[in-house]
Amino acid sequence: MFQESERREWMGLLARAPLALLEAWAARLPPQEQTWLRRPETGLVMVRARAGGTGAQFNLGEMTVTRCVLRLAGAASGVAYVPGRSARKAALAALADALLQTTARESVRRELLGPVRAHLDEEAARRHRGAQATRVEFFTLARETGA
Amino acid sequence: MLDLAEVSPGFTDATHESQAVFRHGLDALARPGTIRECGDVPAPPQGVHAAANALLLALLDQDCRLWLSPSLNGAVAGYLRFHTGCILVGEPRHADFALIASPAELPPLGSFHPGTEEYPDRSATLVLQLQALQDAGGWRLSGPGVRGATRLQAAGLGADFLAQWRHNARSFPCGVDLFLASGSRLCGLPRTTRIES
């Protein structure tokens, strides 16, 4: 069994996973029997945020989200909410979510979540390096007193 | 918490199927007493007739408040909430739509919201499931949408229902409208239809 926090974590990873990684993983899977509970549909979600200071909530803006729900033959249900309009990405993320709830969990962690985490870490590191390259050092001169 | 394992699929092709079902509902109310065969609709959850299920899938959305009669269990609520996003209410008078499993579970028609003089369309729409529905014998229907008169036999609805229906008509333009569902067959009774036994 798994904890809700684990599932939250892997669903977040799946949402941020690039489609290419999901496709590469899916290509190596044996064919899966699945039925749709909700076919991929794209819609808008209002993102809420908290203002600094008072912490009052406000509407940050709308984002495009694609979602779907499928059921595998063994009754595990996979749910996916992914940013963007890709129905394929939502479908693969839901498939991964479903498989992660079954005994195939370790294999999916190894083959998909591992590479996704590595990819996201590399992306973050690259952005950080790029930002660091623009860093400017300021040197201040101490003024002599009385001048 | 919703258990996804209990939820069965809804429409396969939501756009076309929901439009087809909507059309059936529209024609049912426009021609009261005629019986429409809903055809190929999703398998309903336990306790719900196919026509009633399809109609609610097509009509309900996240702004609609739904009342379910007592025998309709949690799986039905979970199914409709998942597929339509509707809000479930505990009291008939708070409902925009009501699904009643059988005539025995039908509360008095007066316990549903009849709309207001300014907004008579804010009344409740009831979907009542019956064991049998036939457009021969039984009641005599007349009124808008009915050419002359037509016959309707609705199993399980008796004199008490007719009295409540007459009372419903007296508050025109307010009042409730009724869909009768039996298996995959659908029939409409808008508040303007007169029923005589």
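Only a predicted model underlies this, so the values are computations on that prediction, with no experimental measurement involved. Letters go in sequence order (proteins before strands), and every chain restarts at 1.
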Side chain Arg39(A), main chain Thr12(B), donor-acceptor under 3.5 Å: yes
Backbone N/O of Ser8(B) and side chain of Arg71(A): donor-acceptor pair under 3.5 Å: no
Side chain proximity check, Phe82(B) to Val69(A), heavy atoms < 4.5 angstrom: yes
Atom CZ of Arg48(A) with >12 non-hydrogen neighbours under 6.0 angstrom: yes
Same cluster (ILVMFWY, side-chain, under 4.5 Å), Phe58(A) and Met63(A): yes
Taking every non-hydrogen atom, the tightest pair across Ser77(A) and Leu4(B): OG-CB, 3.6 Å
same_hphob_cluster(Leu59(B), Val21(B)) at 4.5 Å side-chain heavy-atom cutoff: yes
Same cluster (ILVMFWY, side-chain, under 4.5 Å), Leu14(A) and Leu37(A): yes
